[in-house]
Every structure is written in structure tokens, then in C-alpha cells.
There are 2 protein chains.
Amino acid sequence: MKNPIADLNKIFDSRIRLGVMSLLAVNENVSFNELKEMLALTDGNLASHLNTLEQAQYLNVNKAFVGRKTSTTYSITALGKQSFKMHLDALEKMIRTI
Amino acid sequence: MKNPIADLNKIFDSRIRLGVMSLLAVNENVSFNELKEMLALTDGNLASHLNTLEQAQYLNVNKAFVGRKTSTTYSITALGKQSFKMHLDALEKMIRTI
DNA sequence: TCTATAACTTTGAAAAACAAAGTGCTTTTA
DNA sequence: TAAAAGCACTTTGTTTTTCAAAGTTATAGA
């Protein structure tokens, strides 16, 4: 019997950050509003979770214009991809022992 | 693109409660002190997470004597097993889309 | 010009996490 | 037999996290 949670990443304890990462892992670029709708969050709540992930350097922010309107999209960094993969591996390992 | 976190159980957001459940899923009965050691927690911290899981009726408390010493062990309830399984299924589904 | 939308930031309240110390009971040890 | 130690908590209090709601800035469209 050994510690099953030692390899889990604290940042991904949050269901919401897990959701953001999993959306960004599958879709190259996702906009603020898409994330907001997908995860059914308020602006502020989403913004703060995105901020946490940004601080950790797990994602990039891309500010662009679609036509003349601003559109902010988010994408995963290499570090983010790696950290997320490690977390999922740890989860999978945990699941597999069950 | 659909909400990837809708089926996750809020109670299992916590790494520690996830760890407790995964230990109890594999080992029929685990004592307070084993859990404490495995997960590297203080008494109070473990007790409060166990309490949360007990409130949710995800685990049973068994107070017994080993020789003449008290030993409290914990085991998973049917509801706990089911809820945990659903959570893991949701996680697996999330992982598989990636 | 007025309204709406995007993407935040700020504020503040509520909940959760956690460590540390205290408790009551029993058992072992000096 | 008195003191020390272990078990399984509970209590206390601080720190951290979560979240909603409101405010902000800038642009776009009617």
C-alpha cells in the first residue's frame, strides 16, 4: 500500500481548471466566451481560474482581432501539456489499481 | 465541444478524499493510522476529510478492539463505491477524449 | 449617442483546508 | 502506581480558495 495521491498536481484539484485544461488539450485554441459557456461560469470566476493557470505558465493568452472585434483565445503551453499529462497519468494509475 | 466536468463529483475534487477513497476501494478495511501514514496527513486534517466522506455516507466507521487496543477502521459503503465509480468513469471519459 | 459585447479587475463574503493544541480513554513502561 | 505514550478524535484559529456580483475599459453597431 502506497500513497496514491503523491503524484497529483495541486493545481488540478479544481474541477474547473481540470475542465479548462481538458478543453484546451483537445482544441488548439478556445476563446474566453467558449470556455465560459462550456463550463457554465461567470466571467470573474473563469478569469480567476485562467489567471491561476497562466501564473503556473500552463497556458498562453492570444489577443487578436476577428474582423474588428477583439477575441481572446487560450492555448496550452508545453509545460502545461506536460504537467497535465503527468496528472492524468497519476490519475490513470490510481484508477487502474482499483 | 461539451462540458467535460459536468459529471465530476464535487466531493472528490479534494486530492485527499480521492486518496482515501482509492485506498478503501482496494483495501477492504483501513485503519485511521494507516490512512494517516499513507496520505501523510495530520490527525485533524484526516479526521475532517473522513468526516466529510462520512456525512456523504460514502464510508462506514468500524470501531473494534485489536487485542485490548481500540482500532478504528474505515470501509466504503455501496453508495460510496457507486459514486466513486461514477466519478472515475467521468474522469476516464475526459482522459480518453484527449 | 446609446446600447451592447468582450474580457477583465475589484470587492467581499462564504467555504474549505490545514496545523497545532487540547481531550478522554486505554495501555504500556519505569 | 505514577508517568508516558498511543489512538482517534475535537476545537481553535489562521490562511487559502472559491465564487458571485459589480465595476471597468475599450470597441462596435444601431
Side-chain angles (χ1 to χ4, degrees), chain A residues 1 3-6 8-21 23-24 27 29-56 58-75 87, chain B residues 1 3-6 8-24 27 29-56 58-76 87:
Chain A
M1 232 197 305
N3 189 333
I5 61 173
L8 295 179
N9 186 333
K10 246 191 173 183
I11 289 188
F12 302 132
D13 262 26
S14 152
R15 212 162 63 282
I16 291 173
R17 292 192 291 270
L18 210 59
V20 168
M21 293 300 282
L23 286 171
L24 291 180
N27 309 278
N29 273 89
V30 186
S31 71
F32 186 91
N33 278 320
E34 283 173 311
L35 289 172
K36 192 178 117 188
E37 265 189 42
M38 288 303 99
L39 302 172
L41 303 172
T42 56
D43 296 17
N45 197 2
L46 174 56
S48 80
H49 284 288
L50 288 174
N51 197 54
T52 299
L53 291 170
E54 210 188 329
Q55 293 299 96
Y58 288 176
L59 49 83
N60 284 319
V61 186
N62 307 88
K63 275 153 199 297
F65 286 87
V66 171
R68 274 177 147 181
K69 287 176 85 169
T70 59
S71 166
T72 308
T73 64
Y74 298 84
S75 54
H87 182 79
Chain B
M1 227 193 312
N3 189 334
I5 62 174
L8 295 179
N9 186 334
K10 245 188 174 184
I11 288 188
F12 302 131
D13 263 25
S14 154
R15 210 162 64 281
I16 291 172
R17 292 192 292 267
L18 213 57
V20 169
M21 293 299 282
S22 99
L23 285 171
L24 291 180
N27 309 279
N29 273 89
V30 187
S31 72
F32 187 90
N33 279 318
E34 283 173 312
L35 288 172
K36 192 179 120 187
E37 267 189 40
M38 288 303 99
L39 302 171
L41 302 173
T42 56
D43 296 16
N45 197 1
L46 173 57
S48 80
H49 283 289
L50 288 176
N51 198 53
T52 300
L53 291 170
E54 210 187 327
Q55 293 299 96
Y58 288 176
L59 50 81
N60 284 320
V61 186
N62 305 88
K63 275 154 197 299
F65 285 87
V66 171
R68 274 178 146 179
K69 289 176 82 169
T70 58
S71 168
T72 308
T73 63
Y74 298 84
S75 54
I76 255 180
H87 183 79

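What's counted below: heavy atoms across the whole structure, side chains too, no hydrogens, waters or symmetry copies. Values in this document were obtained by computation on a predicted structure and should not be read as measured data.
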Spacing of [X] atom [atom1] relative to [N] atom [atom2], expressed in whole Å:
| X | N | atom1 | atom2 | result |
| --- | --- | --- | --- | --- |
| A:F32 | D:dA26 | CZ | P | 18 Å |
| B:L46 | D:dA8 | CG | P | 10 Å |
| A:H49 | D:dT18 | NE2 | C1' | 6 Å |
| B:L41 | D:dA8 | CG | P | 15 Å |
| B:E37 | D:dA8 | CD | C1' | 15 Å |
| B:L50 | D:dA8 | CG | P | 11 Å |

So which protein nitrogen or oxygen atoms get under 3.5 Å of nucleotides 28-30 of chain D's nitrogens or oxygens?
from, atom 1, to, atom 2, distance (Å)
D:dA28, OP1, A:R68, O, 2.4

* I would like to know whether B:S75 and B:T73 meet side chain to side chain contact (heavy atoms under 4.5 Å, CB included); could you show each step before the answer? => CA-CA 7 Å; B:S75 54; B:T73 63; over 6 Å; no
* Structure fact -> Closest of D:dA8, D:dC19, D:dT18 to the A:R17 side chain is D:dT18
* Asked: Looking at the side chain of B:A47, which of D:dC9, D:dC19, D:dA8 is the nearest nucleotide?
  -> D:dC9
Remember a base hit wins even if backbone is also touched, and classify [X] as base, sugar-phosphate or nothing at under 4.0 Å, heavy atoms.
| X | answer |
| --- | --- |
| A:I16 | sugar-phosphate |
| B:S14 | sugar-phosphate |
| B:S71 | sugar-phosphate |
| A:K63 | sugar-phosphate |
| A:N51 | nothing |

* Nearest-nucleotide wise, let me know which of A:D13 and B:G44 is further upstream toward the 5' end of DNA chain D. => B:G44
* Hey, mind stepping through B:L18 and B:H87 against side chain to side chain contact (heavy atoms under 4.5 Å, CB included) and telling me if it holds? -> CA-CA 10 Å; B:L18 213 57; B:H87 183 79; 4.0 Å; yes
* **Non-hydrogen side-chain atoms of B:N9 and B:Y58 separated by less than 4.5 Å** => yes
Compare side-chain N and O positions of [X] against OP1 and OP2 of [N] and report whether any pair is under 4.0 Å apart.
| X | N | value |
| --- | --- | --- |
| A:T42 | D:dC19 | no |
| B:N33 | D:dA8 | yes |
| A:S48 | D:dT17 | no |

* Residue pair B:I76, B:M21: steps toward the side chain to side chain contact (heavy atoms under 4.5 Å, CB included) verdict -> CA-CA 7 Å; B:I76 255 180; B:M21 293 299 282; 3.8 Å; yes
* **Euclidean distance, A:H49 NE2 relative to A:I11 CD1, rounded to 0.5 Å** => 12.0 Å
* **Euclidean distance, A:D13 CG relative to B:R15 CZ, rounded to 0.5 Å** => 4.5 Å
* For B:N45 and A:T73, take the nucleotide of DNA chain C holding the closest heavy atom to each; which residue's nucleotide lies nearer the 5' end? -> A:T73
* To do: Could you say whether B:T52 or B:D43 is positioned toward the 5' end of DNA chain C, judged by the nucleotide with the nearest heavy atom to each?
  => B:T52
Please list, one pair per line, the donor and acceptor atoms closer than 3.5 Å that link side chains of residues 35-43 of chain B to other protein atoms, with sequence neighbours excluded.
from, atom 1, to, atom 2, distance (Å)
B:K36, NZ, B:D43, OD1, 2.9
B:T42, OG1, B:N45, N, 3.4

* **Backbone N/O of A:L53 and side chain of A:R17: donor-acceptor pair under 3.5 Å** => no
* To do: May I ask you to decide if A:V30's main-chain N or O and A:N27's side chain share a donor-acceptor pair within less than 3.5 Å?
  => no
* Asked: Which nucleotide span of DNA chain C, 5' end to 3' end, has atoms closer than 4.0 Å to non-hydrogen atoms of chain B?
  -> C:dA17 to C:dT27
* To do: Evaluate the criterion side chain to side chain contact (heavy atoms under 4.5 Å, CB included) for residue pair A:Y74 and A:N29; output intermediate values, then yes/no.
  => CA-CA 6 Å; A:Y74 298 84; A:N29 273 89; over 6 Å; no
